[in-house]
Amino acid sequence: CRCVMAARAPNLQTDKRKSKNKNNKKNKTQFLSWLAEHNISHDHTAIATFPSGRGIQATRDIKPGEVVFSIPRTIFMSTVTASNSILKRVLDEIKLSVDDQLALHLMVERANPNSYWKPFLNMIPQEYSQSIFFNTEEMHELEGSNLHLLTEKLKHQIKVDYNHIFPKLFLEFPEVFTSETDFSMAQYKWALATIWSRAFDLTINGQKQRVLVPFADLFNHAFNVIETHAFDDKKDALICRTTSSFKKEDQIYINYGPFPNHKLLRLYGFTLENNPHDSVDLWAPMSPDAPEYTIKLAALANQGIQNDQSFQLRKGRPPMALLGALRIQRYEGSPQHIEQAFHRAVSTESELEILYALIDALRTMLAKYATSTAHDHQLIKTCHSTSKKDWILILRFTEKEILEDNIMMLEAMKDAILTAVIKD
């Protein structure tokens with residue numbers, strides 16, 4: 001009888017994590033060496049890992065007015081560098097959007113082991129958390145939000161665009177697009193997500209350009225940070241100065257813009273609690289069959305409102321522009337006084353009709369969410385803002401708060417009118 005000891009099964013997850021950490025360290029070292037080769041100094045900053053993920057850390061105190069980074073145009077990726085690459089003939093012969101030109105540029109360079117930008121490309125995340133990457137369960141969690149429908153449309157459009165562009169590229173430019181694996185739909189989505197979350201829109205020598213800027217793309221977003229970044233034509237570089245102060249070992253943030261959570265999740269792959277720029281979009285287009293349709297369109301345009309635009313509902317701010325637009329849409333008086341309707345109620349009856357209709361519309365929107373406000377209120381207490389599920393929860397919860405707050409404000413306006421009517 002022979003005794004055989006069972007071999008201990010390897011911890012594949014641990015081995016995989018160790019390998020990933022080793023690669024990350026190697027990529028970081030190569031990237032820093034690449035920056036040094038291009039004389040890009042970052043003595044007061046370092047690439048670091050925080051609980052929320054990778055970012056930039058201050059290695060000393062940074063005072064307001066200091067330059068946070070200065071990145072020369074020579075290392076940017078843009079439609080200009082794409083046109084000067086192996087893609088020149090492709091871009092000369094096929095008309096593509098700026099994002100698609102950059103996407104092809106990223107995919108081609110990523111597939112090239114000798115790419116000039118290889119150290120930069122190795123630092124770009126291999127996976128993203130934008131809503132186009134949500135699985136079926138995550139999309140279900142998103143139900144009720146406008147982002148659910150928008151994400152479905154984006155996913156569909158990406159498929160349509162891929163099937164329109166790439167078969168032609170494989171057929172007409174086989175010397176460039178040599179492998180369908182390197183230029184798959186998954187790679188196309190990755191490239192688009194990279195552009196949406198990491199590109200800068202700059203004015204360079206009077207021309208607007210969308211560019212990828214190595215190192216600058218590593219800074220995370222904070223809505224309370226005030227900084228200015230712009231391209232300096234004389235220095236031929238993107239320069240960022242902060243008006244905020246940072247202590248040594250603080251994470252240094254930049255401000256991506258005054259974006260609501262639904263836009264942050266769609267483009268960047270995260271949401272923020274207590275986001276002061278958060279909003280819920282509401283569309284209220286006027287029917288072409290409405291009386292005096294053309295005159296009303298002109299009246300709305302004079303107020304800076306387009307018929308197909310959305311209105312941003314915000315917490316603590318009555319939707320006055322929306323109310324004004326609805327008054328014009330329902331106006332039945334003399335055309336010469338139509339614009340006056342934007343600023344005040346046409347009649348008590350009409351104003352109440354608008355308020356009742358709007359309250360019902362917001363309640364309908366609120367009822368479409370997959371979970372109740374009470375359910376989300378309990379979940380939000382243990383939310384850590386570190387996963388897609390957390391970010392969806394924050395989006396859902398804050399949107400419901402906005403809708404409920406707007407319903408309360410509209411109810412108060414309605415009750416005030418009814419009270420005045422009773423007194424009269």
Side-chain angles (χ1 to χ4, degrees), residues 144-150 223 257-264 266 275-369 395 398-424:
S145 172
N146 289 328
L147 185 57
H148 183 278
L149 177 60
L150 182 55
F223 59 75
F259 299 144
N261 277 335
H262 61 82
K263 188 169 184 178
L264 290 175
R266 174 169 60 89
N275 183 352
H277 306 296
D278 210 6
S279 65
V280 174
D281 286 338
L282 176 65
W283 285 264
M286 177 173 52
S287 169
D289 298 326
E292 307 291 354
Y293 177 73
T294 304
I295 294 174
K296 290 177 178 178
L297 277 185
L300 289 170
N302 287 339
Q303 300 300 327
I305 294 172
Q306 302 301 313
N307 194 40
D308 59 352
Q309 76 168 61
S310 64
F311 294 88
Q312 284 73 50
L313 303 179
R314 299 182 186 276
K315 198 171 180 181
R317 303 183 201 176
M320 302 312 295
L322 173 59
L323 288 171
L326 293 174
R327 290 186 194 118
I328 288 178
Q329 289 184 20
R330 291 170 176 249
Y331 184 76
E332 296 178 350
S334 171
Q336 63 183 358
H337 301 303
I338 192 169
E339 288 192 39
Q340 296 176 15
F342 185 82
H343 301 287
R344 61 174 182 267
V346 175
S347 68
T348 298
E349 182 181 2
S350 175
E351 193 75 356
L352 285 172
E353 284 180 358
I354 290 171
L355 290 170
Y356 275 118
L358 198 46
I359 290 167
D360 285 345
L362 298 191
R363 284 177 174 161
T364 299
M365 290 175 69
L366 197 55
K368 289 182 178 179
Y369 286 88
L395 174 75
T398 55
E399 286 188 345
K400 290 177 187 177
E401 282 192 318
I402 290 169
L403 290 171
E404 290 175 344
D405 189 65
N406 273 263
I407 290 171
M408 288 177 60
M409 288 187 289
L410 293 169
E411 288 275 15
M413 294 171 72
K414 178 201 72 177
D415 291 345
I417 293 172
L418 292 174
T419 300
V421 170
I422 293 171
K423 286 184 178 179
D424 291 342

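Everything quoted here is computed from the prediction, not taken from an experiment. Start at 1 with the first residue, then count along the sequence.
- Between the side chain of K315 and the main chain of T398, no donor-acceptor pair closer than 3.5 Å is present.
- In this structure the side chain of Y369 reaches within 4.5 angstrom of the side chain of S145, judged on heavy atoms.
- Between Y331 and A341, the closest heavy-atom pair is CD1-CB, 3.9 Å.
- With rounding to the nearest 0.5 angstrom, the CG atom of D360 is 11.0 Å from the CG atom of L355.
- The closest donor-acceptor contact from the side chain of K296 to the backbone of P291 lies under 3.5 Å.
- Between atom CG of residue N307 and atom CD of residue Q329 there is a gap of 6.5 Å, rounded to the nearest 0.5 Å.
- Within the 4.5 Å cutoff, the side chain of F223 has no heavy atoms near those of the D278 side chain.
- Between A321 and I305 the shortest heavy-atom distance is O-CD1, 4.0 Å.
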Check: L323 and L358: side-chain contact (heavy atoms from CB on, under 4.5 Å), yes or no, with the steps?
Finding: CA-CA 9 Å; L323 288 171; L358 198 46; 3.9 Å; yes
Checklist line | L352 and K414: CA distance, side-chain angles, deciding distance, side-chain contact (heavy atoms from CB on, under 4.5 Å) verdict | finding: CA-CA 6 Å; L352 285 172; K414 178 201 72 177; 3.9 Å; yes
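- Looking at heavy atoms from C-beta onward, L362 lies out of side-chain contact with V280 at the 4.5 angstrom threshold.
- Between D281 and H262, the closest side-chain pair of non-hydrogen atoms falls below 4.5 Å.
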Item checked: Trace of the side-chain contact (heavy atoms from CB on, under 4.5 Å) decision for L366 with I407 -> CA-CA 10 Å; L366 197 55; I407 290 171; 4.2 Å; yes
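- Residues I402 and R314 fail the side-chain proximity criterion, which asks for heavy atoms closer than 4.5 Å.
- Counting heavy atoms from C-beta on, the side chains of F342 and N302 never come closer than 4.5 Å.
- Between I328 and I338, the shortest heavy-atom contact is CG1-O, 3.9 Å.
- In this structure, Q312 contributes its side chain and P260 its backbone to no donor-acceptor pair below 3.5 Å.
- At most 12 heavy atoms of other shown residues, nucleotides or ligands fall within 6.0 angstrom of atom CD in E332.
- Contact between G316 and D405 at its shortest, heavy atoms only, is N-OD2, 2.6 Å.
- Electrostatic pairing of E349 and R330 does not count as a salt bridge here, judged by no charged N lying under 4.0 Å from a carboxylate O.
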Margin query: I'd like to know whether E351 forms a side-chain contact (heavy atoms from CB on, under 4.5 Å) with R327, so could you lay out the CA-CA distance, the side-chain angles of the two residues, the decisive distance to 0.1 Å, and finally the verdict.
Written below: CA-CA 8 Å; E351 193 75 356; R327 290 186 194 118; 2.8 Å; yes
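- Contact check for K368 versus M365: no side-chain heavy atoms found under the 4.5 Å cut-off.
- Nearest heavy atom pair, residue A325 against residue F311, reads CB-CZ, 3.7 Å.
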Checklist line | Criterion side-chain hydrogen bond (donor to acceptor under 3.5 Å, both in side chains) on N275 and N261, from CA distance to verdict | finding: CA-CA 7 Å; N275 183 352; N261 277 335; 3.2 Å; yes
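- You'll find the side chain of L313 reaches within 4.5 Å of the side chain of P319, heavy atoms only.
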